[in-house]
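Have a look at the structure below, then the notes.
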Amino acid sequence: MPADTADARPLAEPVPAEAVAPLIRGVAVVRQLTDAGGVLSLSGLERATGLARSTVDRITATLARMGYVRLDGRDAVLTPRIMELGNAYLAALRLPSLLDARADALADELDESVSLAVADRDGIRFIHQATRRRAMSLSFRIGDLLPAERTAPGPLFATEWTEREWRRWRERRAADPADTGFPALPVRSSPGPDFERSAVQARQNGYALDDQLIEPGLVAVSVPVRDPRAGTIACVASVVSHTSRHTAEDLRNSLLPRLRSAVRAMEEDLREASQGEPVAAPSGLATWTGASKQELGREFVESLARGLTVLTAFGEGRAELTLTEVAQATGLARATARRALITYEHLGLIATSGDRRFALTPRVLSLGFPPLSRTTLPDLALPHLTALATRIHESASLAILVGGDIQYTARVATSRVMSVNIAVGTRFPAYATALGRVLLADAEHPDPGELRPLTPRTLTDPVALAAALERVRSQGYALVDEELEAGLRSIAVPVRDRTGRVVAALNTATHVTGRTVEEYVRDILPALTATATAIEADVRVAGRFTRVSAS
């Protein structure tokens with residue numbers, strides 16, 4: 001059975017006759033991978049889902065074809081591309097893009113973590129996190145599901161619950177009193193305070209406190225952010241701290257006024273935000289699946305691949321779609337699109353409105369988003385570096401600029417008698433390396449520091465170095481021959497973020513006797529450029545609503 005009780009509950013209901021069984025199974029596999037932190041063996045998936053091993057193999061092969069999973073030996077590993085499903089929901093919601101700057105500014109002002117959460121049935125899900133980098137981190141991942149009664153936002157959302165929603169909450173509490181179905185939380189050790197009373201107090205006070213409900217030491221204060229048009233709660237903003245810094249009373253007395261001020265500004269932002277022009281949906285999202293089915297045959301579950309493309313039809317300016325619009329965006333027949341929508345409604349991933357329109361629910365974030373929401377650039381790059389090293393039979397590295405030095409943040413070495421031996425964390429002067437010249441070439445005010453000769457060939461003339469950096473900008477790569485160390489040749493290309501800014505450099509290095517400079521550029525540069533492009537594609541997906549740390 002799926003580990004997430006709240007997510008699993010729809011599966012206990014009768015399955016509609018028109019639901020797509022392979023799509024249900026595929027979603028179950030993705031959820032199990034998510035709950036396992038993004039990595040699970042194929043035999044582990046077999047045990048966790050109750051599916052036959054052959055079914056698990058076909059599903060993971062299909063997900064791998066879509067770029068959502070990487071098969072690493074006996075393990076299935078979620079890849080950043082699966083975040084496009086959660087990105088579709090967050091883009092359609094618009095709240096992260098409208099309010100994240102306010103949340104980030106409040107976190108900077110208070111020097112505490114700040115989060116935004118939305119309601120998900122009788123739980124909450126985080127849609128934005130502004131965290132403090134401390135040894136003791138006090139934040140959850142975007143997409144994590146928490147039970148309402150163990151959070152500060154929960155009582156605020158509960159003020160709007162209907163009697164049916166309260167009944168559903170009571171049934172869930174009775175079925176899982178220890179909260180074993182919420183993998184993001186420690187198991188409940190005590191019943192906790194009276195949640196229904198907490199909701200009454202939240203309605204009266206206009207705020208709510210979490211005084212170590214989740215775990216000892218963690219405290220939070222929350223205020224609702226209301227939709228100025230509907231008057232209902234759009235999301236809840238929270239300040240999260242630790243009792244070593246603040247008690248719950250401290251949060252209420254010292255930080256609550258500033259949180260309320262920030263929430264008023266957020267509500268004003270929502271009031272002023274235009275509805276925006278409808279954005280044309282993509283077309284033919286699922287047309288590629290036919291060719292994959294022909295190529296892979298039985299190993300490719302086309303109905304799963306088609307169904308997952310339905311989720312990506314939604315997005316900014318496309319928060320609600322009709323059946324016709326979904327069919328047009330995916331290129332699927334109306335009957336096929338309808339069956340996928342029925343399946344998602346059964347799974348709680350899509351909701352319908354009264355005018356026959358469909359919208360994604362926060363539950364879409366349960367499909368791979370949480371374990372990848374804190375990914376770093378080295379994490380994203382490592383599988384690509386491994387593939388590059390295998391392809392070119394040379395070591396591959398990623399580095400960032402730290403002052404006037406480069407620092408290696410990811411590296412894959414090859415087993416050769418004569419190889420370049422460098423460890424992650426190693427620093428070298430940027431001016432004498434290909435990696436450094438790529439990074440300096442993009443810097444607004446490059447400062448290479450003192451130009452000291454490291455070998456007889458090291459470039460130490462500032463004018464000559466400036467000319468070399470200009471060549472790097474124009475040609476898109478840097479090649480350095482024996483300037484850092486005699487006999488060492490290196491070539492590097494930039495890695496850019498979503499804005500086009502160079503955030504890292506990618507290189508390979510070898511001994512000068514292997515190839516001529518011309519042969520080296522001809523043979524190695526295309527593979528290096530292709531690898532940088534692949535890393536950048538992952539950065540674009542992973543960094544749309546999360547921060548991808550460069551180190």
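Heavy atoms only: backbone and side chains are in, while hydrogens, waters and symmetry mates are out. Numbers here are sequence positions counted from 1.
- In this structure, the side chain to side chain contact (heavy atoms under 4.5 Å, CB included) partners of A237, at least two apart in sequence or on a different chain, are L116, V225, L259, V263, M266.
- Taking every heavy atom of both residues into account, D179 and P147 meet most closely at OD2-CG, 3.8 Å.
- Judged by distance alone, the side chain of T343 and the main-chain N or O of V20 form a donor-acceptor pair under 3.5 Å.
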L78 vs V69, test: side chain to side chain contact (heavy atoms under 4.5 Å, CB included). Steps then yes/no.
CA-CA 5 Å; L78 291 176; V69 159; 4.1 Å; yes
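- No more than 12 heavy atoms of other residues, nucleotides or ligands lie within 6.0 Å of CZ in R164, so this atom counts as exposed by the packing criterion.
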Test salt bridge (charged side-chain N to carboxylate O under 4.0 Å, His left out) on D269 and R102; report intermediate values, then the result.
CA-CA 9 Å; D269 289 342; R102 298 285 186 188; 2.7 Å; yes
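- Side chain to side chain, S54 and D57 fail the donor-acceptor criterion of an N or O pair below 3.5 Å.
- Here Y207 contributes atom OH and L156 contributes atom CG; the two are 10.5 Å apart, rounded to the nearest 0.5 Å.
- No donor-acceptor distance shorter than 3.5 angstrom exists from the side chain of R260 to the backbone of V223, with no hydrogens or angles considered.
- Judged purely by atom type and a 3.5 angstrom limit, T361 uses its side chain to pair as donor or acceptor with the backbone of R363.
- Looking at R58, its side chain does come within 3.5 Å of a backbone N or O of R298 through a donor-acceptor pair.
- No side-chain heavy atom of T287 sits under 4.5 Å from any side-chain heavy atom of L285.
- Proximity of a side-chain donor or acceptor of R339 to a complementary backbone N or O of A19 within less than 3.5 Å is detected.
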Would L365 and L90 satisfy side chain to side chain contact (heavy atoms under 4.5 Å, CB included), going step by step from the backbone distance to the final call?
CA-CA 9 Å; L365 292 173; L90 294 172; 4.1 Å; yes
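- Scored by the ring-ring contact (aromatic ring centres under 6.0 Å, His included) test, F126 finds F140 as partners (sequence neighbours excluded).
- Residues forming a side chain to side chain contact (heavy atoms under 4.5 Å, CB included) with D104 (at least two apart in sequence, or on another chain): H128, A130, R547.
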Is there a side chain to side chain contact (heavy atoms under 4.5 Å, CB included) between M66 and S292 once you walk through the steps?
CA-CA 10 Å; M66 299 186 75; S292 292; over 6 Å; no
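- Smallest separation of non-hydrogen atoms from L323 and L341: CD1-CD1, 3.8 Å.
- Checked by atom type and distance alone, the side chain of D75 never pairs as donor or acceptor with a backbone atom of V77 at under 3.5 Å.
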Check the pair E163, R168 against salt bridge (charged side-chain N to carboxylate O under 4.0 Å, His left out), reporting the backbone distance first and the verdict last.
CA-CA 9 Å; E163 181 51 41; R168 182 168 55 204; over 6 Å; no
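- In this structure, L349 and Y89 have side chains that are not in contact, with every pair of non-hydrogen atoms separated by 4.5 Å or more.
- Considering only heavy atoms from C-beta on, V239 comes within 4.5 Å of L106 through its side chain.
- For the atom pair M83 CE and L85 CG, the distance stands at 10.5 Å (nearest 0.5 Å).
- Scanning all heavy atoms of the two residues, the minimum distance from A119 to F157 falls at N-CZ, 3.4 Å.
- Between A152 and A208 the shortest heavy-atom distance is O-CB, 3.2 Å.
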Is there a salt bridge (charged side-chain N to carboxylate O under 4.0 Å, His left out) between E325 and R357? Walk through the geometry before answering.
CA-CA 10 Å; E325 289 169 334; R357 302 182 75 83; 3.4 Å; yes
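- Proximity of T34 to P370: side-chain heavy atoms (C-beta onward) are separated by under 4.5 Å at one or more points.
- No side-chain donor-acceptor contact under 3.5 Å links Q129 to the backbone of R141.
- Between L385 and L506 the shortest side-chain heavy-atom distance falls below 4.5 Å.
- When only modelled atom types and interatomic distance are considered, R74 and S43 share no side-chain donor-acceptor pair under 3.5 Å.
- A search for side chain to side chain contact (heavy atoms under 4.5 Å, CB included) contacts involving R81 returns Y68, T79, E84, not counting sequence neighbours.
- With a 4.5 Å cut-off on side-chain heavy atoms, T49 and V56 count as touching.
- For the pair L377/S549, no side-chain contact is recorded, criterion being any heavy-atom separation below 4.5 Å from C-beta on.
- Screening R173, R150, R167, R172 for a salt bridge (charged side-chain N to carboxylate O under 4.0 Å, His left out) with D122, the sole residue that qualifies is R172.
- Distance CG/L213 to OG1/T151: 8.0 Å, rounded to 0.5 Å.
- By the ring-ring contact (aromatic ring centres under 6.0 Å, His included) test, W288 pairs with F300, sequence neighbours left out.
- Here CZ of R496 is found 10.5 Å from OG1 of T533. Values are rounded to the nearest 0.5 Å.
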Would you sort out whether V30 and L308 count as a side chain to side chain contact (heavy atoms under 4.5 Å, CB included), showing the intermediate values?
CA-CA 11 Å; V30 173; L308 289 173; 5.7 Å; no
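- Ring orientation note: the planes of W166 and W161 are nearly perpendicular, at an angle over 60° on the 30°/60° scale.
- The salt bridge (charged side-chain N to carboxylate O under 4.0 Å, His left out) test with R65 is passed by exactly one of E302, E295, E299: E295.
- Taking CZ of R540 as the reference point, atom CG of N87 lies at 12.5 Å (rounded to 0.5 Å).
- The OG1 atom of T531 lies 11.0 Å from the CG atom of L398; values are rounded to the nearest 0.5 Å.
- The main-chain N or O of P526 is never found under 3.5 Å from a side-chain atom of T529 such that the two would form a donor-acceptor pair.
- Judged purely by atom type and a 3.5 angstrom limit, E267 uses its side chain to pair as donor or acceptor with the backbone of R226.
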For R356 and E320, run salt bridge (charged side-chain N to carboxylate O under 4.0 Å, His left out): C-alpha distance rounded to whole Å, both residues' side-chain angles, the deciding distance at 0.1 Å, then the answer.
CA-CA 10 Å; R356 296 184 181 181; E320 294 186 344; over 6 Å; no
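- In this structure, the side chains of F314 and F358 come closer than 4.5 Å at one or more pairs of heavy atoms.
- Side-chain N or O atoms of D35 include none that pairs as donor or acceptor with a backbone N or O of Q32 at under 3.5 Å.
- Every side chain to side chain contact (heavy atoms under 4.5 Å, CB included) that I342 has, sequence neighbours left out, goes to P16, E18, R338.
- What you find for P155 and A148 is that their closest heavy atoms are CD-O, 4.0 Å.
- Summarising the geometry of C235 relative to V118, their closest heavy-atom pair is CB-CG1, 4.1 Å, with the distance given to 0.1 Å.
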